[in-house]
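Below is one structure, written out as structure tokens; the observations come after it.
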Amino acid sequence: MLGSGGQGVVYKGELDGGDGDATKDGAVKDGAVKDGAVKEVAVKVVHSHLSQDADVTKGFLREVEAARRVAAFCTAAVLDVGTVDGRPYIVSEYVAGDTLQAVVRERGPRTAGVLDRLAISTLTALAAIHEAGIVHRDFKPANVLMGPEGPIVIDFGIAKALDATTMASGPVGTPTYMSPEQFRGERVGPASDVFAWAGTMVFAATGRPPFRGETVPAILNQVLSGMPDLTGVPPHLVGPIQECLAKDPAARPTPAALLQRLIGRTGPAAPGVPGVSPVNAPVRPPSDIREAPTSPSRPRTFSRRALIGGAAVTAAAAVSAFALLGGRDEPVRRVSDDRSPAPTGTPTPSATPAKQPFGTPLTEPVPLARDWGAVTVLAAAVLTTTGPTTTGLTTTGPLVACGTDKGTVLAWTTGRPAATRLGDGGAAVTAVACGERGGAPVVASGHGDGRMRLWSATGESLATHRATDPIIGIVVAGGRVVAVSQKYDSLRDLHSVVRLWDAATGKQIGPAVTDHFQGVNGLAFGTLDGKDVLVTGDGHNRIQVRRLSDGKATRTFGTGEIGGVERLACAEIGGRAVLVSTHLDATLRVYDLATGKRREKWAFSAGSPDDRGVAALATGRTGETPIAVAVHDAAGEDVLVRVWDLTGGDVVGTLGPGPGGAIRTATLSETAGVPVVAGVTEDRTLRTWNIGPA
């Protein structure tokens, strides 16, 4: 036993590489260690009086599952959650070292560079926690471990899990470091963590908290109306800490702004640090849209806690394109960068495209103008209609639609030497689609400001309307263009409000949907029983299927207790409609869409769950074989695009970083009748890679 506190008991445990590492369905169990190695972990078992019924336990597990989204640098990664004898437990990586509280008590306050490094490292951890949409709620000296590789923040999200799922008479937290809004019973956001961070730094610098009292009421009075005691705090930290201890949460700076101030920078934020606002800017929820990096690709491994100026250090490395063939853990096979002949005029098939090896680039790279912004979403369709070609776009064959963070919408016929800009301006593009409507090809886009836009293949604007909330999905199906909007603030709302819209007319389809717990987690469009449908997941790990024609729900099923829904895509296997999904436990699963029964579950790799994180998911076919393409973007690893055979779970090939860097987002398309992955690399270039028969 490592210790005991108000939430539970913490034990030190070991995971080995024995036969017990695999689940009954063949998936690698969370935290499993290969080749007989032993991995030390910390196991926290929650006190029985904090988990007295099944609903409480389920809620707790859902809350902790969300904590697994946090980037691993400067935090103790959550490896697994579950129950034992009805009591929830959390397994996290074990960090050797005492807590900050114990270190200060035994060795005295931290000073000079040691204190500065502590402040910068813990702020970086808070920035990562907030970027994942999580509020720590119990940041304090006892939740900072002084590990051999630097300070590590632990127990993030655990307080919320307890606060949200127990019948406690007051908020869960440690009074000395609780914010005024916590005491007042108000909604708690990232600014509350900033308040607690400042109190923790005061303790680290002086050995005492900023607000003291012999009883909880006395402490409460000091926090709500008293002035903090900053005697002994180094002068360069007094100003920032005073701002962090403001009674009004809106007056406190963000972790990113504090980082910029502490490292003495006045220019752009350091790499790896979220965008910096002025120091006195209020804390705001993290953005859902992040620009793809333009720096060279990351190396496969690096110390995730090596920090310079509060930013994770990443080495620049120019590497050749490579493809992994066969199983998930095959050695890397290098492939040449030779392409099929560059297209001129009307796209023509390459000489022998079907005989190209897996991963061979099939078209010339198409650079995108920097002022268009970074591509955030892609969609593809194979068109069968004919019509004008004045824009250079084909009206038959493969078409790829792109949207950027600057609101630009592009269309590209694979094989053409350039993409066509259809429109730009406004909020970031959050969804794109292409297909046929009224016998003619169209491109549709949805935006973060609720805008819905529709174009013809000639570049003519067909419609522009605005929904009440940001668009999160759009599709061209059955002769209609349907968009999906969502009103949801992850730091304030328990459920979201989802609406369906006819993008061509701007009219709402059916009533608003208000039962997505913790918002929509994953969204896909497909066909079931001959009807076009929308499929969504939520924080309850619940899947909803509803008709696009009227918004009515026709199916609902759960995906299990552990492994939150991440990405969704619809497909067909053996004549049956299926749902392909990725989850926060680093698994790819297949569900029968009509019955909700799980057909398959596969771990991403032998390294799962450490490689969790999928940026994009698409489905299609190579010949008669149903496949899924997943863009894996695990923290601290190269971005990899895996192509899965959905009939057996084999990874038939993996695309890694190439001449243009990593593939940031991708979809399935074709070139000259050959299935390809169409994607955008870090150098803002459209490319295609062969995934057909080798």
Side-chain angles (χ1 to χ4, degrees), residues 321 337-354 356 359-404 408-424 429 432-436 440-445 454-461 476 618 620 629 655 658-660 663-681 683-692:
D337 194 29
D338 297 334
R339 298 177 182 82
S340 304
T344 57
T346 302
T348 57
S350 58
T352 55
Q356 301 276 7
T360 300
L362 290 185
T363 58
E364 285 295 318
V366 176
L368 304 177
R370 183 166 292 273
D371 61 2
W372 290 349
V375 172
T376 54
V377 285
L378 290 175
V382 178
L383 307 178
T384 59
T385 59
T386 59
T389 58
T390 56
T391 62
L393 291 175
T394 182
T395 52
T396 60
L399 182 66
V400 176
C402 316
T404 78
T408 302
V409 180
L410 310 167
W412 178 49
T413 298
T414 58
R416 290 280 184 182
T420 300
R421 183 173 62 179
L422 299 179
D424 55 15
V429 180
V432 289
C434 50
E436 299 172 11
V442 295
V443 174
S445 65
L454 192 61
W455 286 273
S456 71
T458 63
E460 176 188 3
S461 177
V476 182
V629 173
L655 300 171
I663 303 170
R664 305 309 307 186
T665 188
T667 188
L668 275 168
S669 185
E670 67 173 48
T671 293
V674 176
V676 299
V677 167
V680 177
T681 47
D683 62 351
R684 300 178 189 244
T685 300
L686 281 166
R687 302 172 187 263
T688 63
W689 298 267
N690 176 45
I691 57 171

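Everything numeric here is computed off the predicted structure, so don't read it as measured data. We count residues from 1, following the sequence as given. In what follows, every heavy atom counts, from backbone to side chain, and hydrogens, waters and symmetry copies are set aside.
The minimum heavy-atom distance between Arg687 and Asp683, with the atom names listed, is NH2-OD2, 2.9 Å. Of all the heavy atoms in Arg416 and Val366, the pair that sits closest is O-CG2, 3.5 Å. Shortest non-hydrogen contact noted between Ser456 and Leu422 is O-CD2, 4.5 Å. In this structure, Thr685 and Pro365 approach most closely via the heavy-atom pair CG2-CB, 3.3 Å. In this structure, Trp372 and Ala419 approach most closely via the heavy-atom pair CH2-O, 4.3 Å. For the pair Arg664 and Thr681, the tightest heavy-atom approach, listed with the atom from each and the gap, is CG-C, 4.2 Å.
Note that CD of Glu460 is 10.0 Å distant from CG of Leu454, once rounded to the nearest 0.5 Å. Here OG1 of Thr360 is found 6.0 Å from CG of Asn690. Values are rounded to the nearest 0.5 Å. For the atom pair Asp371 CG and Arg421 CZ, the distance stands at 6.5 Å (nearest 0.5 Å). To the nearest 0.5 angstrom, Leu686 atom CG is 7.5 Å from Leu410 atom CG.
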**Message:** What verdict does the side-chain contact (heavy atoms from CB on, under 4.5 Å) test give for Leu362 and Thr414, after you've listed the backbone C-alpha separation in whole Å, the side-chain angles of each residue and the deciding distance to 0.1 Å?
**Reply:** CA-CA 9 Å; Leu362 290 185; Thr414 58; over 6 Å; no
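For the pair Thr363 and Trp412, the minimum side-chain heavy-atom distance is below 4.5 Å. Under the 4.5 Å side-chain criterion, counting only non-hydrogen atoms from C-beta, Val432 is not in contact with Val443.
Considering only residues two or more places apart in sequence or on other chains, Ala678 meets the side-chain contact (heavy atoms from CB on, under 4.5 Å) condition with Val400, Thr667, Ser669, Thr688.
In this structure, Thr376 contributes its side chain and Val429 its backbone to a donor-acceptor pair below 3.5 Å.
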